[in-house]
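One structure below.
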Amino acid sequence: MDPLQAAHSGPRKKRPRQTGTLMVSSPHDVRFGDLVLFILEKKMGTTRRAFLMELARRKGFRVENELSDSVTHIVAENNSGNDVLEWLQVQNIQASSRLELLDVSWLIECMGAGKPVEMTGKHQLLVRRDYPASPKPGPQKTPSLAVQKISEYACQRRTTLNNCNCIFTNAFEILAENCEFRENESSYVTYMRAASVLKSLPFTIISMKDTEGIPCLGEKVKCIIEEIIEDGESSEVNAVLNDERYQSFKLFTSVFGVGLKTSEKWFRMGFRSLNKIKSDKSLKFTRMQKAGFLYYEDLVSCVTRAEAEAVSMLVKEAVWAFLPGAFISMTGGFRRGKEIGHDVDFLITSPEVTEDEKQQLLHKVISLWEKKGLLLYSDLVESTFEKLKLPSRKVDALDHFQKCFLILKLHHQRVDSDKSPQQGGKTWKAIRVDLVVCPYERRAFALLGWTGSRQFERDLRRYATHERKMMLDNHALYDKTKRIFLKAESEEEIFAHLGLDYIEPWERNA
Ligand code: DCT
Ligand code: MG
């Protein structure tokens, strides 16, 4: 066993069992009978607890010596909501959802007011809902209050862009990328899942104790987390960042049209810079790569939301010129609320048009842009969609819808109308745009698939397969037990078919 690991999974400190301190106190009239208080001794101490109990009773509050079913309010000092829940678990007591967990500041305000004051957020002890206290050995009741395990599937977690564990997730994403470059699929998945679960946490990991109960964090991952906690950085990540192969692949794949195969070839040929590659007469480039080099600077500088909105206008103008009733949704990262992206993705669909009209749409749109001088690159892929085909088993398979991969010329003025074109300067920016056209009755599946994130999509499919015996992809959902396709008009219906709580697009940034 890894010595580090052993250090973290050792026996937990036994907490002394709390027994209510028996007080000798004169009887007081209870004035606020519907409140039954219990004051936690832990971290408060016997004397202070006894003092507060006596004071509260004198003011007409009912305060119990022992924790019992009748208690409605637990008051604690210097404890978090999770601390209190953990304490309750040790007592083998089931916390009901009507039990209030309050900070001592509430009680003190009540004492000042001589009556119960309103409980607000500042008084209520926060329970990290996704963060269960680690289970104790032996039979136990599960507290019904708020304790829910973090799922191993990203589609059962809410992941906003509010990532409070960047320091760790950046590290794991670099390690994952390095594995991708080395085609080490299993390590890639390990690191991506670790990054993904950390992104969903509503708190920052500050000690190894915080990682208890979190899935997808294996031994290796935990060692890296520990090193980052202790040193602020990971030696393994530093080694990757200084690795020649990683640096070269990172550079080469930043060119549109260059994937792992080409990068491998160039790396083996001894290339280390893009300038050397561009000027080498013996190399042959695809049409995509030529465009990639030509518009390199624009394409590596990310697309802003303002630019994405301007592209959206362009797309709507062109599509509606031919199909006024078409639905156009911006998908991808921008639909998830991101402020920047590497491209802008759109899903287009329309009810009540013939297959032929729909098939012609992208062709017409592209030739319109070509006439207007806005088309810098296009690659149109015809649909290979078949209605009765079962969803793909592969989690990363491309879908069969008709689509085009484009580079469009976006004039600065369309983004910022105040911006007057500078004399002689370039007045536009090259932007990567993807357009996908899907059959109207498949729009919910296509929208769900094209909204991402990739990790979220992978886990949705994995969840469907392993937990529901269903098959999901960008086209359809198939129930293997019932042997039927499950129809859906909206993303909500797909989640419902899968028995999942609905996760909003901005919560899918896994
Ligand atoms: N997608 C898919 N099948 C693929 C590739 C992508 O279903 N083979 C989905 C998942 C995400 C979405 O399409 C958009 O893809 P990207 O543009 O690559 O991702 P993004 O989340 O929009 O990220 P970025 O902000 O970098 O564009
Ligand atoms: Mg995108």
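Atoms within each ligand, like the ligands themselves, are counted from 1 in listed order.
A distance below 6.0 Å separates the ring centres of F293 and F285. Taking the six-membered ring for Trp, H466 and Y153 have ring centres at least 6.0 Å apart. Taking the six-membered ring for Trp and the full ring otherwise, the centers of Y377 and F256 sit less than 6.0 Å from each other.
When you scan the N, O or S atoms of D345 for the one nearest the Mg ion (ligand 2), you land on OD2.
Atoms of ligand 1 lying under 4.0 Å from at least one heavy atom of R454, given by number and element, are 5 (C), 6 (C), 18 (O). Near N474, meaning under 4.0 Å from one of its heavy atoms, ligand 1 places the atoms 7 (O). Listed by number with element, the atoms of ligand 1 under 4.0 Å from a non-hydrogen atom of D343 are 17 (O), 27 (O). With ligand atoms numbered from 1 in the order given, ligand 1 contributes 21 (O) to contacts under 4.0 Å with heavy atoms of R336.
Protein heavy atom at the shortest distance from atom 12 (C) of ligand 1 is W450 O, 3.2 Å. Among protein heavy atoms, the minimum distance from atom 14 (C) of ligand 1 is reached at D345 OD2, 3.7 Å.
Nearest heavy atoms, V197 versus I214: CG2-CG2, 3.9 Å.
At least one heavy atom of G449 sits under 4.0 Å from some atom of ligand 1.
Annotation: side chain of K469 is not in contact with side chain of Y478 (no heavy-atom distance under 4.5 Å). When side chains are defined from C-beta on, L448 counts as touching L460, because their heavy atoms get closer than 4.5 Å.
Backbone or side-chain N, O or S atoms of D343 reach the Mg ion (ligand 2) at under 2.8 Å.
Salt-bridge annotation for E352 and K358: absent, with no side-chain N of the basic residue lying under 4.0 Å from a carboxylate O of the acidic one.
Not one N or O of G452 is nearer than 3.5 Å to an N or O of ligand 1, by distance alone. Considering backbone and side-chain atoms alike, K338 places an N or O below 3.5 Å from some N or O of ligand 1.
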